[in-house]
Every structure is written in C-alpha cells, then in structure tokens.
Amino acid sequence: MPLADRLRDDAQELAHDLAEIRHTIHQHPEIGLELPVTQRTVLEHLDGLGLEITTGTSLTSVTAVLRGKPGGPTVLLRGDMDALPVTEGTGVEFASKVHGAMHACGHDLHTTMLLGAARLLSAHRDELDGDVVFMFQPGEEGWDGAGAMIAEGVLDASGRRADSAYGIHVSSGLLPRGVFTTRPGTLMAASDGLHVTVRGEGGHGSTPHAAKDPVSVAAQLVGDLQTLVTRRFDVFDPAVVTVGYFHAGTRRNIIPDEAEFDATVRTFSDEARARMADEAVRLCEHVAAGYGMSVDAEYTAEYPVTVNDAAQAAFAAEVSRELFGDDGYEPMESPLTGAEDFSRVLAQVPGCYLFLGACPTEEWATAPSNHSPRAAFDDSVMPRGVLLHSELAIRALRRDRAAAAS
Ligand SMILES: [Zn+2]
Ligand SMILES: [Zn+2]
C-alpha cells in the first residue's frame, strides 16, 4: 500500500484515542504560560515514541524532535495548548471541570492533533527525509508564548534552523466541518493596544468652564480615532480601532480629574501598523492640547501580522486538495481580523497556517464563534488534522531535501 494510503488509515484508526485525549485536556483547561496539567498530558502521550524532548524554562512548553534520515532539512509543526477565561456553556458531557476556564478556541484539538501527528510520524520515521520539530506551545491567547519559545530556541531545536513551519487552527464557525482553508500572504491581522489617559482638572458639573473636563475630550477621541481610520488609512490596507474599555468619574455632577480608555488596534501591513502607532498617539496628544489638557497615550505592540509564504501556501493548498478532494479545501478570500502569535514563527521561517472547520452541526454560518462560551468543536475532524500535519511534514522534507540536492 502506498505511504499516503497507509497514513490515511493510521490517522483514522487514531480517532477514538484522539477523542479521549481531547476530552481529558478539555476537562482540565489552563490559562496563560503555566499549564502544568496539560504539559503532563502531552509528556505522557509522547512517552515511548523515541523523541528528543525538552521542556521550557519560562513557560510549560514541550519541544519534541523526531529524527528522520540524517543530514536532511527540518520541518516544524505547531500546536497551542492554552484555554480562555470563559465559563463553558456548551453542555457537552466532557465539559470543563474548572470554573471560569474553557477551551473555547479549540486549542485542546490543536494539542491533540499534534500528539496524533507525533505518533503517526514516529511510526514512519524511516520514511522521513529529515527531522520534525513538534512545538507544543502555551500562552497563545495574549501571552506571546510563541515569542517565549522562540527565545528558548524552538526554531533551532533540531540543531539547524527549521526550513519550513506549519500550523492548523480549528474554527467553530467560518467554514463547514472538515474543510481546510488558507491564503497566500496576509492571513491575520496585527493586534496592538492603545491606552489613553486624558488629564484635565476636576470641578463642579454645573461650572465646566471653571474646570477642565477630561470626559468630553476622551469621548471625542473615541470618535476621532474612527475618523483617523477612514481619513488616514487606505481602504485596501484597512485598520480596525475598537475602544472596549472607557472609564471616568464617580457621579454626574462631579467633573473628574481624569478619563481613560483602552482600544484594540488591528492592522494588516507593517506600514499601516507603524503609521497607526505614530498617528493615533499624535492625534490624542494634539486634540487634548487643543482643549488645554495633557494626555498619556501609550501604544503597545502585541502580535505582528500573520503572513503565509506564497509558495508554502500553494503547497499546503495542493496537499489539502490531494488528500481531501476539492470539497475538502476552499481558498480563503480575505484575511481575518483576529491575530496569532504563530505570526512570530512565520516571520522567521517560511510556512503556512491553515484553518479547519470543526462545527458539529451543518449550521456553521450561524454557529457561536471561537471564544464564545458556546463554541463547539467536533472530534471527527481531528484525524484530518493529524493526516494533514503528517503529510505536510513528510512532503515538505522530501521537497526541501530534493531542493538542497539539486
Ligand atoms: Zn483564540
Ligand atoms: Zn486560537
């Protein structure tokens, strides 16, 4: 039987085990960079596979290296492991046992699929044209776990810089169950923060002229930032600014000294991102100065734009189509406004990030989105994720070894 068919059968045979592992991880969600329970589960399931395993020092990551034929290239596969501060409302029988924490972004499936790929590939190590690095990463949800793992050397874990990198993210909506999608170039937004404190002078609400009212200026800035987006940014290189936190004052007839707000900023190019960092701050400072007030406007860079290498995206699309047919792959038209710290890997290693539809029902278009307390993901998609991870690794190593030889 050809290797591809054997792998497909092997991945399908794992279905039951994968569901069990996923349910265990789902019941014990952990948030942030310290995920000791999840790390233990990962280590247990990697045990006996003959991998070189190291764990993180500044976070509970697991890096596992599988050695194939010596002297070959390296491919990196990544799965993130962290949950969200969400109270589960799905009603599934394997629901979270930790109040206030839930795998609402499907990272329990990511961890499980990567474990499945480690098992499958280690059984076929003789057929690997190089080494595979499995990157089990904590802290994707705003903790920059990828940045921490890169600082600890994950990209060079096999002894050489990874030649290519792949990752898969499941989606509770977005696309039908079992279907993969991705696109060349920009895939997801950069995500940054803007924190603004307007400093006025408190006083009596009946005599605003005798005070400096920071509330009206901060409120104006919320609107001005929307004008900044539409008047200063190209509609074809868009930006999103959303003020999700606004706080000032104690009572209606008291003008407070300060008003503050917090915004999330999404951009899709390095250029727009750099300009936003400059212009949003300048706008806040100058508008406040116009009313005789000062402002602290602090722009914090978080995750960069997620960019797929064009050739790698074409390769991943071709492999997906070949494995799952034309119905199993849909090209993605527009980038998503969400952000990902896998962007940090893709900034240094050419690769591709893909989405996999995992909605349990046929109503994917109206299903609760990732991060919702009701976000639900279907176990049945995991063998597909395992198979794609494995095939991408095998074929990328074959391709990169051939390229190095020619
Ligand atoms: Zn998420
Ligand atoms: Zn996620």
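The first residue in the sequence is number 1, and the count goes up from there. Whatever order the structure lists them in is the order used to number ligands and atoms, beginning at 1.
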A.B. asks: Does H110 bring an N, O or S atom to within less than 2.8 Å of the Zn ion (ligand 2)?
C.D. replies: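 No, outside the cut-off.
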A.B. asks: So which N/O/S atom does E141 have closest to the Zn ion (ligand 1)?
C.D. replies: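 The atom in question is OE2.
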A.B. asks: Is the distance between the ring centroids of H107 and H110 under 6.0 Å?
C.D. replies: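 Judged by ring-centre distance (under 6.0 Å), H107 and H110 do meet the cut-off.
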A.B. asks: When the ring planes of Y353 and H169 are compared, do they come out parallel, tilted or perpendicular, using 30° and 60° as the limits?
C.D. replies: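 Because their plane-to-plane angle is over 60°, the rings of Y353 and H169 count as perpendicular.
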A.B. asks: Sequence neighbours left out, what pairs pass salt bridge (Lys or Arg N to Asp or Glu O under 4.0 Å) with at least one residue falling in residues 5-14?
C.D. replies: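 Checked against salt bridge (Lys or Arg N to Asp or Glu O under 4.0 Å) - neighbours excluded - the pairs reaching residues 5-14 are R6-E127.
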A.B. asks: Please calculate the SG(C105)-the Zn ion (ligand 2)-NE2(H169) angle and round it to 10 degrees.
C.D. replies: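 Centred on the Zn ion (ligand 2), the SG/NE2 angle is 100° (to 10°).
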A.B. asks: I'd like the atom name of the N/O/S atom in H371 lying closest to the Zn ion (ligand 1).
C.D. replies: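 Restricting H371 to its N, O and S atoms, the minimum distance to the Zn ion (ligand 1) goes to NE2.
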A.B. asks: I'd like to check the salt bridge (Lys or Arg N to Asp or Glu O under 4.0 Å) partners of R199; sequence neighbours left out, ordered by chain and number.
C.D. replies: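 R199 satisfies salt bridge (Lys or Arg N to Asp or Glu O under 4.0 Å) with E258, D296 only.
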